[in-house]
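This report refers to the structure that appears directly beneath it.
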Amino acid sequence: MTELERINKEIEKQEEAVRLAEIRVYHKDNYGKGPWNKLSRLIAERELILTGVSWEHYGSGTVLIDNKFIYALKSGKWSVLGRRTWYWSKNLDHFIENYVRKDK
């Protein structure tokens, strides 16, 4: 099974979990966003797979792209490895085109 097929199956499972969570919390004013956050991270991970850049999980919702950039899948923030400054990006595609591929 390829990486893309695996992530698509995980997204399908998570969409079902989100649907069930929406049913469970329809009457509440405050509730956790765990299933929604995991789904958005999986979708961002699929976009990352489709771009074709080399990446690996870095920890706690972040990925390491080309062994240089740290990218937060949920928020869209990014940083250069070893630095403390974080920047906002418009979206994953914009970040890949303007920073990762431009750097090469």
Side-chain angles (χ1 to χ4, degrees):
M1 180 181 327
T2 66
E3 189 72 18
L4 190 58
E5 291 172 349
R6 182 194 62 80
I7 198 78
N8 284 336
K9 287 186 187 275
E10 284 186 41
I11 287 173
E12 287 176 13
K13 289 178 186 175
Q14 193 59 33
E15 285 173 342
E16 180 65 19
V18 165
R19 188 185 69 77
L20 293 174
E22 286 175 348
I23 292 170
R24 261 193 330 270
V25 298
Y26 78 95
H27 64 287
K28 296 182 179 181
D29 290 334
N30 296 320
Y31 51 89
K33 292 285 190 177
W36 290 269
N37 292 343
K38 186 173 180 181
L39 179 62
S40 68
R41 285 187 193 106
L42 287 172
I43 291 171
E45 194 173 318
R46 179 175 57 187
E47 289 178 27
L48 197 56
I49 291 170
L50 293 174
T51 60
V53 297
S54 66
W55 63 277
E56 61 187 48
H57 288 280
Y58 190 66
S60 180
T62 59
V63 292
L64 181 63
I65 300 174
D66 283 345
N67 293 324
K68 183 175 182 179
F69 300 102
I70 302 169
Y71 188 83
L73 295 172
K74 175 76 175 112
S75 66
K77 287 184 169 184
W78 66 275
S79 177
V80 177
L81 186 64
R83 298 204 181 151
R84 294 183 180 199
T85 307
W86 286 82
Y87 306 98
W88 289 97
S89 68
K90 289 183 182 179
N91 56 32
L92 184 60
D93 293 330
H94 179 265
F95 169 72
I96 296 292
E97 291 301 320
N98 287 343
Y99 298 101
V100 176
R101 291 197 173 131
K102 194 173 190 180
D103 190 45
K104 289 184 178 180

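Sequential numbering from 1 along the given sequence is applied to the chain's residues. Predicted model only: the values in this text are computed from it and were never measured.
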Any chance you could measure [X], atom [atom1], to [Y], atom [atom2], to the nearest 0.5 Å?
{"X": "Lys38", "Y": "Ile43", "atom1": "NZ", "atom2": "CD1", "result": "13.0 Å"}
{"X": "Arg24", "Y": "Tyr31", "atom1": "CZ", "atom2": "OH", "result": "11.5 Å"}
{"X": "Glu56", "Y": "Asn67", "atom1": "CD", "atom2": "CG", "result": "5.5 Å"}
{"X": "Arg46", "Y": "Ile11", "atom1": "CZ", "atom2": "CD1", "result": "3.5 Å"}

(Q) Please tell me whether Trp86 and Tyr71 form a close aromatic pair, meaning their ring centres lie under 6.0 Å apart. (A)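 Not close enough - the centres of the two rings lie 6.0 Å or further apart.
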
Please name the pair of heavy atoms, one in [X] and one in [Y], separated by the smallest distance, quoted to 0.1 Å.
{"X": "Leu48", "Y": "Leu92", "value": "N-CD2, 3.6 Å"}
{"X": "Asn91", "Y": "His94", "value": "OD1-N, 2.8 Å"}
{"X": "Trp88", "Y": "Ser75", "value": "CZ3-O, 3.5 Å"}
{"X": "Lys74", "Y": "Ser40", "value": "CD-OG, 3.1 Å"}

Q. Trp78 vs Tyr87 aromatic rings, parallel, tilted or perpendicular, using cut-offs 30° and 60°?
A. tilted

Q: Classify the ring geometry between Phe95 and Phe69 as parallel (under 30°), tilted (30 to 60°) or perpendicular (over 60°).
A: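 Because their plane-to-plane angle is over 60°, the rings of Phe95 and Phe69 count as perpendicular.
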
In terms of hydrophobic clusters joined by side-chain contacts under 4.5 Å, are [X] and [Y] together?
{"X": "Leu73", "Y": "Ile49", "answer": "yes"}
{"X": "Val18", "Y": "Leu20", "answer": "no"}
{"X": "Val100", "Y": "Val80", "answer": "yes"}
{"X": "Ile7", "Y": "Leu64", "answer": "no"}

Q.
Show, in sequence, the C-alpha distance, side-chain angles and deciding distance for Arg101 and Thr51, and conclude whether the side chain to side chain contact (heavy atoms under 4.5 Å, CB included) test is met.
A. CA-CA 11 Å; Arg101 291 197 173 131; Thr51 60; 4.1 Å; yes

Q.
Would you say that Leu81 contacts Tyr58 through its side chain, given a criterion of any heavy-atom pair below 4.5 Å between the two side chains?
A. yes

Q) Does the side chain of Ile70 reach to within under 4.5 Å of the side chain of Val63, using non-hydrogen atoms? A) no

Q) Just by modelled atom types, is the Ala72 backbone N or O under 3.5 Å from a matching donor or acceptor in the Thr62 side chain? A) no

**Q.** N/O donor-acceptor pair under 3.5 Å between Gln14 side chain and Pro35 backbone
**A.** yes

Q. Going by an N to O cut-off under 4.0 Å, is there a salt bridge joining Glu45 and Arg6?
A.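 Yes, this pair counts.
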
Q: May I ask you to decide whether Lys13 forms a salt bridge with Glu16, counting only side-chain N to carboxylate O separations under 4.0 Å?
A: no

